[in-house]
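Only one structure is covered here, and it is reproduced in the block below.
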Amino acid sequence: MFALGFLTLLAASTATHPVTCGPGADDAVSETVTSEGLRIWSFPDDGGERFMMMVLVGSGSRHEDPAFSGVAHLLEHVVLTSSESQSKKQSTEAIRAFNGQFNGWTNHDLTTYYVFSSPSSWELSVQWLADHVVHPALSAEDLAAEQSIVYEELDSRQPHAGVMTFEELLYPGSALGKNIGGNQAGIEDLSTADLRDFYDAHYRAPNMAVGFAGSVPADEVIAAIEAAFADLPRKGGPSNFDPVTPRSTRVGRSDYGGAASDSGWVVTGFHLPAG
């Protein structure tokens, strides 16, 4: 429900609250839009003894300059490493202290960060994730360490980083037809300045949303999120992306390593942007 609700709301324009993302009243989601343009979504309490918060940035590999392929995914890695106020070691120790779990992922249209914890640790969770997303260190040391991790992901052809799919046939010449992780040669050339440029261009309040769910005092959490993310720049709106016209075409198995005589099929599709 929580993840489905996020996707439903991302596909819609900013609405007044409450926002309904399902068929019943129990699925009502409260939306608060701050004066800076940040959207805060409070999902209904499902009775689970947990707290989850997710930050969504409406930009991904689709928004990259071709000369900086892979920067969105690499930035996601580096953002979660350390902040301006906490080194990598201090950051790790802090989240371990309240038994939190965190991660992030990048796709063509979206970059996400999340943290799980117990309901009693919701304040620490908000502070920890906001500190990283709003005030990332983006240091040379963190960049070098995360470049190595991204190289491994590319080598192992993980779905989000190295696997080529039918999208390259559907969207020839577009970022949608390329893997999200870029390539090792390009990643090696990226600098902290490149990360900062992409961050400054896209990590701004009107291009972001924060959602949470759990057995927590919703009004207090909303106020805490608004305060913790207040330093985000308020300039601009949602990030623009390249217009594409999905292609319909007949391809054979030979296009993917099969015998040329194998029967073919029609590949068709349409890309639904996340925001």
Side-chain angles (χ1 to χ4, degrees), residues 53-97 100-117 125 127-164 175 178-204 207-208 210 228-229 231-233 239 274:
M53 183 176 104
M54 183 178 288
V55 177
L56 303 103
V57 184
S59 303
S61 63
R62 190 177 183 181
H63 303 86
E64 298 168 345
D65 183 307
F68 302 97
S69 179
V71 66
H73 175 232
L74 181 60
L75 176 61
E76 171 237 306
H77 277 248
V78 178
V79 162
L80 286 174
T81 304
S82 65
S83 70
E84 292 177 353
S85 63
Q86 290 187 319
S87 67
K88 180 177 181 179
K89 182 180 184 217
Q90 291 170 328
S91 174
T92 301
E93 290 174 347
I95 199 163
R96 283 177 178 170
Q101 300 178 45
F102 68 95
N103 210 332
W105 68 86
T106 306
N107 64 25
H108 289 104
D109 301 292
L110 187 70
T111 305
T112 63
Y113 304 92
Y114 69 84
V115 61
F116 277 107
S117 72
S125 296
Q127 293 167 5
W128 189 93
L129 192 53
D131 189 36
H132 285 73
V133 173
V134 182
H135 301 288
L138 304 185
S139 69
E141 181 182 2
D142 291 345
L143 171 59
E146 296 306 314
Q147 280 173 319
S148 296
I149 294 174
V150 172
Y151 299 158
E152 293 176 3
E153 292 180 346
L154 292 171
D155 287 341
S156 62
R157 297 178 62 80
Q158 294 191 14
H160 69 284
V163 172
M164 300 306 293
K178 301 175 182 176
N179 74 62
I180 293 162
N183 58 75
Q184 183 165 338
I187 296 298
E188 287 176 348
D189 291 337
L190 292 174
S191 67
T192 55
D194 298 328
L195 296 184
R196 178 60 67 179
D197 286 345
F198 191 87
Y199 178 92
D200 290 343
H202 299 283
Y203 284 59
R204 54 183 187 270
N207 194 42
M208 297 172 67
V210 181
F229 287 82
D231 288 343
L232 284 173
S239 293

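Since the structure is predicted, the reported quantities are computational estimates derived from the model, not experimental observations. Position 1 is the first residue of the sequence; numbering continues from there.
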**Message:** Set out, in order, the CA-CA distance, both residues' side-chain angles and the distance that settles side-chain contact (heavy atoms from CB on, under 4.5 Å) for L138 and L143, then state yes or no.
**Reply:** CA-CA 7 Å; L138 304 185; L143 171 59; over 6 Å; no
**Request:** Answer whether the closest heavy-atom distance between the side chains of S61 and E64 falls below 4.5 Å.
**Result:**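 Counting from C-beta outward, S61 and E64 do come under 4.5 Å.
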**Side-chain heavy atoms of V210 within contact of V133, under 4.5 Å** =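 Not touching, per the 4.5 Å side-chain cut-off.
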**Asked** Sequence neighbours excluded, which residues qualify as side-chain hydrogen bond (donor to acceptor under 3.5 Å, both in side chains) partners of S117?
**Response**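 With neighbours one apart ignored, the set is S125.
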**Prompt:** With S85, which residues qualify under side-chain hydrogen bond (donor to acceptor under 3.5 Å, both in side chains), at least two apart?
**Reply:**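 Here the qualifying residues are S83, D131.
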**Message:** If the condition is ring pair (Phe, Tyr, Trp, His ring centres under 6.0 Å), which residues does F116 pass it with, not counting sequence neighbours?
**Reply:**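 Residues passing ring pair (Phe, Tyr, Trp, His ring centres under 6.0 Å) with F116: Y114.
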To the nearest 0.5 angstrom, please state how far the [atom1] atom of [X] sits from the [atom2] atom of [Y].
{"X": "I187", "Y": "H73", "atom1": "CD1", "atom2": "NE2", "answer": "8.0 Å"}
{"X": "M54", "Y": "N103", "atom1": "CE", "atom2": "CG", "answer": "10.0 Å"}
{"X": "E76", "Y": "N107", "atom1": "CD", "atom2": "CG", "answer": "10.0 Å"}
{"X": "L75", "Y": "T111", "atom1": "CG", "atom2": "OG1", "answer": "7.0 Å"}
{"X": "I180", "Y": "L110", "atom1": "CD1", "atom2": "CG", "answer": "10.0 Å"}
{"X": "L154", "Y": "I149", "atom1": "CG", "atom2": "CD1", "answer": "12.0 Å"}

**Message:** For a quick test of reading the model, state the closest non-hydrogen atom pair linking D142 to V78 and the distance between them.
**Reply:**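 Heavy atoms only, the tightest pair is CB-CG1, 4.0 Å.
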**Request:** Indicate the atoms forming the closest heavy-atom contact of N207 with S59, along with that distance.
**Result:**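 That closest heavy-atom pairing would be ND2-OG, 2.9 Å.
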**Request:** Using the ring pair (Phe, Tyr, Trp, His ring centres under 6.0 Å) rule, collect all pairs that involve residues 128-153, keeping only residues at least two apart or in two chains.
**Result:**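 Passing the test, one end in residues 128-153: F102-W128, W128-H132.
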**Asked** Tell me the ring pair (Phe, Tyr, Trp, His ring centres under 6.0 Å) pairs involving residues 185-204, sequence neighbours left out?
**Response**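 Residue pairs with at least one partner in residues 185-204: H63-H202, F198-H202, Y199-Y203.
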**Request:** Quick one: do H77 and E153 satisfy side-chain contact (heavy atoms from CB on, under 4.5 Å)? Show the steps, please.
**Result:** CA-CA 12 Å; H77 277 248; E153 292 180 346; 3.4 Å; yes
**Prompt:** Are more than 12 heavy atoms from other residues, nucleotides or ligands located less than 6.0 Å from atom CD of Q101?
**Reply:**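 At most 12 heavy atoms, drawn from other residues, nucleotides or ligands, come within 6.0 Å of this atom.
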**Asked** Around E141, counting heavy atoms of other residues, nucleotides and ligands shown, do more than 12 lie under 6.0 Å from its CD?
**Response**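 Open: at most 12 neighbouring heavy atoms sit under 6.0 Å from CD of E141.
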**Message:** Checking the side chain of D194 only, and the main-chain atoms of S191 only, is there a donor and an acceptor separated by less than 3.5 Å?
**Reply:**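 Present.
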**Request:** Give the C-alpha distance, both sets of side-chain angles, the deciding distance and a yes or no for side-chain contact (heavy atoms from CB on, under 4.5 Å) between V115 and V55.
**Result:** CA-CA 9 Å; V115 61; V55 177; over 6 Å; no
**Request:** For D65, check side chain to side chain contact (heavy atoms under 4.5 Å, CB included) against everything at least two apart and list the hits.
**Result:**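 Here the qualifying residues are A67, F68.
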